[in-house]
Amino acid sequence: MPSPSPSPTATPASPNRLPPRFDPAPFDPTALDPTARPRPLVRAAGLAAVTVLGAWVGLLVVGSVHISVGPMDTRMALRPSLTGGTKINVAPLGALELNSHHAPLRLDVDVDRLDPIRSQALVDHPERLSGLQDEVAGDITRGTLGLAVRSCVAVVFGATALGLAVYRRPRRALAAGGLALTLLTASGGAVYATWNPNSVLEPRYSGLLSSAPSVVGNARSIVTDFDVYQRELARLVTNVTQLYEATSTLPAYQPDPTTMRVLHISDVHLNPAAWHIVQSLVRQYKVNVIIDTGDTMDHGTSAENGFLDPVSDLGAPYVWVRGNHDSASTQRYLAKRKGAHVVDNGDVITVAGLRIAGIGDPQFTPDRSAAAAGDAAEHSAGRQLAEAIRDRKRDRKDAAAPVDIALAHNPIAARETDGTVPLTLTGHVHHRRTEVLPGGTRLMTEGSTGGSGLRAVDDRTPDAVQASVLYLDRDTRRLQAWDEIDLGGLGLAKAEVSRHLPAENRPGATPTPTTP
């Protein structure tokens with residue numbers, strides 16, 4: 001028998017040799033889907049989002065410093081903002097906002113408390129008030145430097161920490177921290193480039209501090225008696241037990257006899273609360289004349305006429321021009337009220353030394369029996385008013401402008417007076433605006449002093465109650481400054497007052513020629 005062939009046997013493995021191992025290449029999803037390949041713009045946007053969020057968190061957590069400013073203990077912090085500026089919170093009185101700079105950073109200063117020892121020292125030694133300005137300036141400088149250093153650390157730490165948590169790569173985390181520091185440096189450069197040291201002359205008050213303009217006084221005194229203003233502010237902060245009362249009653253200066261105060265209201269629209277607000281403003285600001293640019297009524301019916309009776313008890317002469325919601329019946333009834341003065345057809349009246357001309361709105365829109373004539377009628381009425389002012393000026397032999405203020409309800413008509421008067425007041429649009437027209441006339445449009453009346457309940461957000469106090473030189477009748485007053489609408493209790501100075505009245509400005 002043939003011997004069986006030997007069966008194949010496996011070669012024994014060498015004791016020093018490892019068996020072969022299959023090691024596939026790592027899976028790359030982009031090899032199958034080219035669209036899944038990471039995009040540089042997406043990566044950059046993600047890094048920017050992580051940087052901004054981390055820097056913001058860092059500023060919130062550790063980006064503030066506690067510093068003593070004069071007799072006050074304060075906390076200073078930088079916060080992201082779309083508008084910039086400085087906000088000083090004086091709890092529980094309210095806040096003071098300054099348009100100090102334009103940058104994506106806002107400086108918040110919280111007044112935590114008034115140190116009783118340092119305050120008492122100022123009371124016991126009034127001579128120290130003379131050096132209080134330098135002391136406060138030095139404290140603010142040190143606080144700002146400390147805040148800058150701490151903010152740099154805060155944004156770098158916050159962005160780096162968040163970058164490490166998101167990417168888990170030290171290199172990307174460090175990139176986020178470096179980008180955060182770059183953004184903060186660029187924002188600081190924007191603050192420096194847009195810094196406005198005169199912003200203190202045009203503050204915005206809110207809360208109980210909205211009565212602070214009574215402390216500030218008139219515009220001329222702000223500039224000429226600034227040392228007095230500083231001393232009064234020092235008294236204000238050291239007399240903590242009477243702070244609430246002082247903010248509304250403290251006389252900062254002797255009243256300037258050359259300053260006239262005009263309260264501009266408009267578009268009351270049958271809101272009875274407006275009369276109480278007007279009375280309060282007349283008393284607080286010692287108003288000489290009230291000017292109402294119309295739409296006091298809503299439908300102009302004779303049944304509404306009784307709403308006008310309080311004008312005789314407002315505490316100052318009341319000058320009125322007809323709006324498109326005021327009827328001829330409204331005008332006739334108001335003309336008979338004690339203390340009321342109606343202007344129309346370009347006629348000029350003199351009230352409290354001010355020469356005022358005006359023309360009623362040519363349209364009565366609640367009356368649906370006649371179609372509204374549109375803007376053409378407004379232009380025509382404005383030209384009629386302007387021509388009446390020019391005629392009066394030609395009839396006078398002296399060079400002085402015979403009319404100080406022109407009134408028209410609709411801004412379209414009011415614009416036609418450009419070049420004929422220094423100041424024109426108007427309303428109608430329910431929002432405030434101030435501009436200097438090409439001919440040199442300043443056009444001031446007031447919002448709704450009635451918070452748009454009953455229409456306010458139609459909107460989700462109630463309209464603000466708005467009015468303005470104008471400061472005029474008694475000799476020249478020129479506008480020196482004005483305060484814009486905003487009160488919360490129906491159901492709101494917010495109050496803000498912001499002071500504004502014409503460019504020619506700011507410190508260091510060159511006086512402009514007298515026009516028109």
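Excluded from the calculations below are hydrogen atoms, water molecules and symmetry mates; all remaining heavy atoms, backbone and side chain alike, are included.
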Any donor-acceptor pair under 3.5 Å from [X] side chain to [Y] backbone:
{"X": "D298", "Y": "L270", "result": "no"}
{"X": "T417", "Y": "A414", "result": "yes"}
{"X": "R150", "Y": "S64", "result": "yes"}
{"X": "S280", "Y": "I277", "result": "no"}
{"X": "R477", "Y": "G353", "result": "yes"}
{"X": "S81", "Y": "R106", "result": "no"}

Verify the distance criterion only: is there a donor paired with an acceptor across the side chains of [X] and [Y] at less than 3.5 Å?
{"X": "E484", "Y": "S468", "answer": "no"}
{"X": "S100", "Y": "W195", "answer": "no"}
{"X": "T426", "Y": "T293", "answer": "no"}
{"X": "H428", "Y": "D267", "answer": "no"}
{"X": "D473", "Y": "Q480", "answer": "no"}

Under 4.5 Å between any side-chain heavy atoms of [X] and [Y], yes or no?
{"X": "P104", "Y": "L82", "result": "no"}
{"X": "V262", "Y": "W482", "result": "no"}
{"X": "V321", "Y": "D292", "result": "no"}
{"X": "I291", "Y": "I405", "result": "yes"}
{"X": "M76", "Y": "T74", "result": "yes"}
{"X": "W320", "Y": "V311", "result": "no"}
{"X": "L105", "Y": "L184", "result": "yes"}
{"X": "L263", "Y": "V289", "result": "no"}

Looking at every heavy atom in both [X] and [Y], which two are closest together, and how far apart are they?
{"X": "G447", "Y": "Q466", "answer": "CA-OE1, 3.1 Å"}
{"X": "T259", "Y": "R474", "answer": "O-NH2, 3.9 Å"}
{"X": "D418", "Y": "G439", "answer": "OD2-N, 2.6 Å"}
{"X": "M260", "Y": "A352", "answer": "CE-O, 2.9 Å"}
{"X": "S266", "Y": "G427", "answer": "OG-CA, 3.5 Å"}
{"X": "D295", "Y": "H325", "answer": "OD1-N, 2.7 Å"}

**Prompt:** Under the side chain to side chain contact (heavy atoms under 4.5 Å, CB included) criterion, do H101 and T86 qualify, and how do the steps go?
**Reply:** CA-CA 8 Å; H101 61 275; T86 299; 4.1 Å; yes
**Message:** Testing L407, T441, L470, D404 one by one against L423 for a side-chain contact (heavy atoms from CB on, under 4.5 Å), which residue passes?
**Reply:**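 The option that passes is L470.
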**Asked** Per the side-chain contact (heavy atoms from CB on, under 4.5 Å) rule, which among V319, V282, V351 passes with I290?
**Response** V282
**Request:** Take V155 and L59, measure what side chain to side chain contact (heavy atoms under 4.5 Å, CB included) needs, and give me the verdict at the end.
**Result:** CA-CA 6 Å; V155 299; L59 284 176; 3.8 Å; yes
Distance (rounded to the nearest 0.5 Å) between [X] [atom1] and [Y] [atom2]:
{"X": "R432", "Y": "E446", "atom1": "CZ", "atom2": "CD", "result": "4.5 Å"}
{"X": "T434", "Y": "L443", "atom1": "OG1", "atom2": "CG", "result": "8.0 Å"}
{"X": "L425", "Y": "H409", "atom1": "CG", "atom2": "NE2", "result": "13.5 Å"}
{"X": "H500", "Y": "L479", "atom1": "NE2", "atom2": "CG", "result": "11.5 Å"}
{"X": "H276", "Y": "L281", "atom1": "NE2", "atom2": "CG", "result": "13.0 Å"}

**Message:** Within a 6.0 Å radius of atom CZ on F157, are there more than 12 heavy atoms belonging to other residues, nucleotides or ligands?
**Reply:**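 No - once you tally the heavy atoms of other residues, nucleotides and ligands closer than 6.0 Å, there are 12 at most.
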**Prompt:** Near W275 CH2, under 6.0 Å, is it more than 12 heavy atoms from other residues, nucleotides or ligands?
**Reply:** yes
**Request:** Test T296 against I265 for side chain to side chain contact (heavy atoms under 4.5 Å, CB included), laying out the working first.
**Result:** CA-CA 10 Å; T296 313; I265 66 174; over 6 Å; no
**Steps toward side chain to side chain contact (heavy atoms under 4.5 Å, CB included) verdict (V109, K87)** = CA-CA 6 Å; V109 181; K87 185 174 183 179; over 6 Å; no
**Message:** In terms of relative ring orientation, are H269 and H430 parallel, tilted or perpendicular, with 30° and 60° separating the classes?
**Reply:**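 Judged by the thresholds at 30° and 60°, the geometry between H269 and H430 is perpendicular.
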**Request:** Answer yes when R415 and E435 have at least one side-chain N-carboxylate O distance shorter than 4.0 Å, and no when they do not.
**Result:**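 A salt bridge links R415 with E435.
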